[in-house]
Asker: 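Just passing along the structure, written as structure tokens.
Numbering of ligands and ligand atoms starts at 1, following listing order.
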Amino acid sequence: MSAVGPEAPDLSAARRHAAAAVLDAGTLAYIDGGSGLEETLRANTAAWRRLALQPRVLRDMTVVETATTLLGAPVAAPVALAPTAMHLLADPEGEAATARAAERTGTLLVASQAANRSWQEIADAAPGALRWTQMYMLRDRGLTRELAAYAKDSGSRAIVLCVDGVALPRRSRMDGNAFVPPDGMPFPNLAPASARGRGVELGAAVSAFDPAVTFADLALVKEWSGLPLVVKGVLHARDAVECVDAGADAIAVSNHGGRQLDGCVATADVLAEIADAVGARAEVYVDGGIRTGPDVVKALALGARAAFVGRPALWALAAGGTEGLASYLGELQEDVRRTLAFCGCTSPDAVRGDHVRLRPGP
Ligand SMILES: Cc1cc2nc3c(=O)[nH]c(=O)nc-3n(C[C@H](O)[C@H](O)[C@H](O)COP(=O)(O)O)c2cc1C
Ligand SMILES: CCCCC(=O)C(=O)O
């Protein structure tokens with residue numbers, strides 16, 4: 001404990017506490033954990049703390065808007081729901097509950113390919129929600145093509161291709177990957193249409209990801225889906241530029257919440273160089289350790305158009321269902337609004353690079 005007492009809890013802390021009371025230990029370890037030594041998991045949040053906002057004053061903050069657009073579609077705030085697997089672990093309605101919270105709060109939802117509800121069911125649960133679909137390149141290209149078309153047909157407005165799944169991570173908290181989803185947990189969006197009702201087993205799902213995926217595949221995914229393409233899992237400026245050269249419409253700077261390559265860079269530490277390299281050619285997003293309104297505004301200052309949250313949304317969902325997640329998202333949006341005001345910004349677009357700097361010190 002420091003001389004001034006314990007660190008104040010962030011908005012998600014109470015949700016994490018409530019989730020811990022309702023989830024079994026294995027599920028909580030799966031959600032919370034990272035890979036290896038969890039060096040990257042810790043580095044993600046620490047890197048946001050090392051940055052300091054440098055506010056501007058005397059700019060009439062009577063009206064402060066958080067609204068922005070993502071790939072042209074309006075959202076209530078520059079904060080969105082990252083794709084996370086298996087929402088049945090957190091709510092009996094799974095991703096349908098998540099989608100309703102997204103709809104209610106004007107938040108973009110990225111539905112995971114490892115969702116337990118089919119993309120069409122998620123769409124039907126919340127027709128007014130802006131939804132993108134996260135996919136992996138599968139070894140079975142024919143199935144990948146079919147699923148890309150399914151994403152579009154079920155109303156997704158973009159494909160988020162996750163490219164950091166080329167090896168199996170060692171998830172240390174789970175005793176060497178001991179987490180086994182409960183029996184009957186369906187993965188309908190990894191199965192062909194003929195088997196969508198049954199879905200596939202998790203093991204089959206993970207081994208279906210194709211480690212041979214390359215830049216040349218980006219154009220294929222765009223063509224198959226007919227949708228804008230976001231590449232998720234980029235951590236190097238030169239890769240980001242190569243993705244954009246290959247047709248990507250946006251780059252999601254992400255290390256999968258410290259769950260894949262342990263010991264890698266924190267996203268806050270590489271965001272600015274990636275955003276600078278991409279410039280105006282594509283939108284840039286970030287996730288990993290985003291917990292507060294100030295974190296979101298720091299991300300904007302470093303060049304992101306939006307920041308995404310993973311674990312806190314699952315905690316809020318487990319703690320309080322649609323209602324719990326909607327109230328969490330509402331509070332986070334309000335935190336973004338007050339941060340913008342304190343920084344002298346009447347909208348996300350007004351945030352500049354010189355609103356943030358590294359804190360001095362070790
Ligand atoms: C429980 C859990 C499941 C996840 N499942 C997926 C997934 O299915 N697809 C994906 O692209 N990313 C997945 N992610 C990574 C998130 O999209 C995101 O990169 C990460 O959670 C952001 O970090 P944060 O949790 O610190 O906010 C998952 C993350 C968690 C915590
Ligand atoms: C097929 C499940 C993928 C889940 C995932 O990406 C994660 O646990 O981080």
Side-chain angles (χ1 to χ4, degrees), residues 10-12 15-16 19 23 26-35 38 40-48 79-90 95 98 108-116 132-138 159-171 173-174 177 179-181 185-191 199-209 230-235 252-262 264 266-268 285-292 295-296 299 307-318 328 332:
D10 66 51
L11 289 175
S12 67
R15 277 84 180 188
R16 163 72 179 63
L23 297 175
T27 301
L28 198 64
Y30 167 68
I31 293 173
D32 289 2
S35 55
E38 299 192 333
T40 301
L41 173 65
R42 286 188 301 276
N44 275 347
T45 34
W48 295 113
V79 50
L81 291 165
T84 49
M86 294 181 274
H87 290 194
L88 271 186
L89 293 173
E95 291 77 10
T98 319
L108 164 68
L109 165 67
V110 183
S112 168
Q113 182 153 33
N116 299 130
W132 295 352
T133 301
Q134 176 267 318
M135 293 186 63
Y136 292 95
M137 178 59 82
L138 307 180
I159 298 293
V160 177
L161 187 73
C162 182
V163 297
D164 59 18
V166 292
L168 263 191
R170 189 177 69 85
R171 300 269 171 88
R173 264 185 231 204
M174 289 152 38
N177 298 318
F179 172 76
V180 181
M185 184 137 292
F187 294 98
N189 309 300
L190 278 150
V200 299
E201 295 299 311
L202 181 63
V206 172
S207 57
F209 304 162
V230 183
V231 182
K232 173 173 183 275
V234 176
L235 291 167
V253 177
S254 172
N255 53 35
H256 214 107
R259 295 163 73 82
Q260 300 292 88
L261 172 63
D262 189 41
C264 77
T267 49
Y285 318 123
V286 68
D287 72 28
I290 295 283
R291 298 293 178 265
T292 68
D295 294 344
V296 174
F308 287 63
V309 291
R311 294 175 183 84
L314 287 171
W315 297 330
L317 189 67
Y328 168 69
L332 191 51

Asker: Ignoring hydrogens and geometry, is there a side-chain-to-backbone donor-acceptor pair from R311 to G257 under 3.5 Å?
Answerer: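 Judged by distance alone, yes, a pair lies under 3.5 Å.
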
Asker: Give the atom numbers and elements of ligand 1 that come within less than 4.0 Å of a heavy atom of I31.
Answerer: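 Heavy-atom distances to I31 below 4.0 Å select 1 (C), 31 (C).
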
Asker: Enumerate the atoms of ligand 1 whose separation from the nearest heavy atom of Q134 is less than 4.0 angstrom.
Answerer: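 What qualifies from ligand 1 is 7 (C), 8 (O), 9 (N), 10 (C), 11 (O).
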
Asker: With backbone taken as N, CA, C and O and side chain as the heavy atoms from C-beta onward, which portion of F187 lies under 4.0 Å from ligand 2: side chain, backbone, both, or neither?
Answerer: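 Neither; nothing of F187 gets under 4.0 Å from ligand 2.
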
Asker: If you measure from atom 16 (C) of ligand 1 to every heavy atom of G310, A85, G33, P83, which option wins on shortest distance?
Answerer: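 That would be P83.
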
Asker: Give the atoms of ligand 2, by number and element, whose distance to some non-hydrogen atom of Y136 is under 4.0 Å.
Answerer: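 Close to Y136: 6 (O).
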
Asker: Could R16 and D32 be called an ion pair, given the rule that one side-chain N must be under 4.0 Å from one carboxylate O?
Answerer: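 Salt bridge present between R16 and D32.
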
Asker: Just to be sure I'm reading this right: ignoring hydrogens, which of D287, N44, T84, L81 gets closest to atom 18 (C) of ligand 1? Compare them by their nearest heavy atoms.
Answerer: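 Looking at heavy atoms only, the winner is D287.
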
Asker: Under 4.0 Å, counting heavy atoms only: does L314 come that close to any atom of ligand 1?
Answerer: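 Contact present.
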
Asker: Please state which protein non-hydrogen atom is closest to atom 15 (C) of ligand 1 and give its distance, to 0.1 Å?
Answerer: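 Ranking protein heavy atoms by distance from atom 15 (C) of ligand 1, first comes H256 CD2, 3.4 Å.
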
Asker: Run the numbers for me: atoms of ligand 2, each under 4.0 Å from some heavy atom of H256, listed by number.
Answerer: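 Selected atoms, number and element: 5 (C), 6 (O), 7 (C), 9 (O).
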
Asker: Name the option, out of Q113, R291, R259, that contains the heavy atom nearest to atom 26 (O) of ligand 1.
Answerer: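 Checking each option, the heavy atom nearest atom 26 (O) of ligand 1 is found in R291.
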
Asker: Of all the atoms in ligand 2, which lie at a distance below 4.0 Å from a heavy atom belonging to A114?
Answerer: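 Selected atoms, number and element: 1 (C), 2 (C).
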
Asker: Hey, which atoms in ligand 2 end up nearer than 4.0 Å to a heavy atom of A85?
Answerer: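 Taking each heavy atom of A85 in turn, ligand 2 has 4 (C) under 4.0 Å.
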
Asker: So, does Q260 use its side chain to make a donor-acceptor pair with the main chain of H256 at under 3.5 Å?
Answerer: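 Here the side-chain-to-backbone pair does not exist.
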
Asker: Going by the angle between their ring planes, with limits at 30° and 60°, are Y285 and W132 parallel, tilted or perpendicular?
Answerer: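 Ring orientation, 0 to 90° scale: tilted.
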
Asker: Go through ligand 1 atom by atom and flag the ones less than 4.0 Å from a non-hydrogen atom of K232.
Answerer: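 What qualifies from ligand 1 is 10 (C), 11 (O), 12 (N), 15 (C), 16 (C), 17 (O), 19 (O).
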
Asker: Is there a heavy atom of Q260 sitting under 4.0 angstrom from any atom of ligand 2?
Answerer: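 Not so, Q260 does not reach ligand 2.
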
Asker: Do any heavy atoms of F209 fall under 4.0 Å from ligand 2?
Answerer: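 Checking ligand 2 against F209, which is what was asked, there is a heavy-atom contact under 4.0 Å.
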
